[in-house]
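Counting starts at 1 for both ligands and their atoms, following the listed order. Only this structure's heavy atoms are used, side chains among them; waters, hydrogens and symmetry mates stay out.
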Amino acid sequence: MENRYFSFNNRQDAAGKLIFIEGEQDIPFAIARVYYICDVPGDVRRGFHAHKTLRQVLICAQGSCRILLDNGRERETVKLEGPTRGLLVDAGVWHEMYDFTPGAVLLVLASEHYDESDYIRDYDVFKAYRKENEK
Ligand code: TYD
């Protein structure tokens, strides 16, 4: 799987680190929505869905977690760590998030507003959707 990573600009000095991300410049889409996931117990797995059109960039702004990515043919696990690193989760990619360290914060930049009808939450439906779209 060809995962796409980003390394964001940051300014670091004795006063700390500042990271900045510009939509359509540092990532390949305009940012319509931002959300973040925190307080995830270490034994919990979440996600379990793909999106039809939504594109997202994931950043583990604090701590670390693992992301499982599945494009219908291949599966891969990525460890996400560090506030300057981003991972693109493109449309049509089944993903799961797990192994959150205590205090981890997963920041997500999304290309669209929230829309439940864009979700594919059933793995068999996802597999069929991918097959259909590869024709
Ligand atoms: P969901 O995307 O299923 O979270 P995860 O895959 O990490 O488990 O979202 C969980 C709930 O939150 C779901 O009921 C929809 C709601 N939600 C919103 O209302 N707006 C949002 O931007 C997001 C991401 C979720």
Side-chain angles (χ1 to χ4, degrees):
M1 241 171 118
E2 285 280 308
N3 293 323
R4 190 155 165 204
Y5 295 97
F6 306 95
S7 185
F8 300 120
N9 296 311
N10 72 94
R11 292 279 148 76
Q12 184 168 14
D13 58 26
K17 196 182 268 188
L18 185 151
I19 299 102
F20 40 97
I21 304 164
E22 305 254 1
E24 294 180 292
Q25 292 180 25
D26 300 314
I27 61 171
F29 54 79
I31 299 163
R33 176 167 52 111
V34 174
Y35 64 91
Y36 36 100
I37 296 171
C38 47
D39 291 343
V40 182
D43 58 352
V44 164
R45 226 175 155 96
R46 44 188 309 158
F48 299 98
H49 63 254
H51 290 278
K52 294 174 195 160
T53 58
L54 183 72
R55 309 182 80 196
Q56 306 190 93
V57 170
L58 275 50
I59 302 151
C60 203
Q62 182 69 53
S64 72
C65 65
R66 285 180 208 279
I67 315 293
L68 176 143
L69 300 164
D70 180 336
N71 64 9
R73 280 176 286 111
E74 301 164 275
R75 305 197 120 197
E76 197 175 305
T77 292
V78 167
K79 184 177 180 186
L80 204 50
E81 184 169 27
T84 59
R85 188 163 190 241
L87 168 69
L88 180 71
V89 178
D90 227 328
V93 176
W94 182 270
H95 53 285
E96 299 171 17
M97 299 89 93
Y98 63 104
D99 268 1
F100 285 77
T101 55
V105 178
L106 182 64
L107 175 65
V108 182
L109 311 177
S111 65
E112 314 290 335
H113 292 287
Y114 174 72
D115 174 9
E116 184 60 37
S117 70
D118 189 62
Y119 280 71
I120 304 170
R121 293 190 182 273
D122 182 293
Y123 190 72
D124 292 335
V125 172
F126 163 70
K127 291 282 278 187
Y129 176 85
R130 285 298 311 217
K131 248 189 182 159
E132 193 57 38
N133 283 277
E134 272 159 25
K135 277 179 193 164

Among all protein heavy atoms, pick the one closest to atom 5 (P) of ligand 1 and tell me residue, atom and distance. Arg46 NH2, 3.5 Å
Would you call the rings of Trp94 and Phe126 parallel, tilted or perpendicular, taking 30° and 60° as the class edges? tilted
Is Phe48 touching ligand 1 with its side chain, its backbone, both, or neither, if touching means heavy atoms under 4.0 Å apart? neither
Expected output: side-chain His49 to main-chain Asp122 donor-acceptor under 3.5 Å: no
Which residue supplies the protein heavy atom nearest to atom 22 (O) of ligand 1, what is that atom called, and how far is it? Arg33 NH1, 2.5 Å
So, is Glu116 polar-close to ligand 1, with some N/O to N/O distance under 3.5 Å? no
So that I can tick it off, tell me whether Glu112 and Lys52 are bridged by a salt bridge, with the cut-off set at under 4.0 angstrom between side-chain N and carboxylate O. no
Can you tell whether the side chains of Glu81 and Arg85 come within less than 4.0 Å, N to carboxylate O? no
Sidechain-backbone polar pair: Asn10 side chain, Thr84 backbone, donor-acceptor under 3.5 Å: no
Less than 4.0 Å between atom 12 (O) of ligand 1 and some protein heavy atom, yes or no? no
For atom 14 (O) of ligand 1, what is the nearest protein heavy atom, given as residue, atom name and distance? Tyr114 OH, 4.5 Å
Ile37 to ligand 1: N or O pair under 3.5 Å? no
Shortest protein contact, atom 6 (O) of ligand 1 (heavy atom only): His49 CE1, 2.8 Å
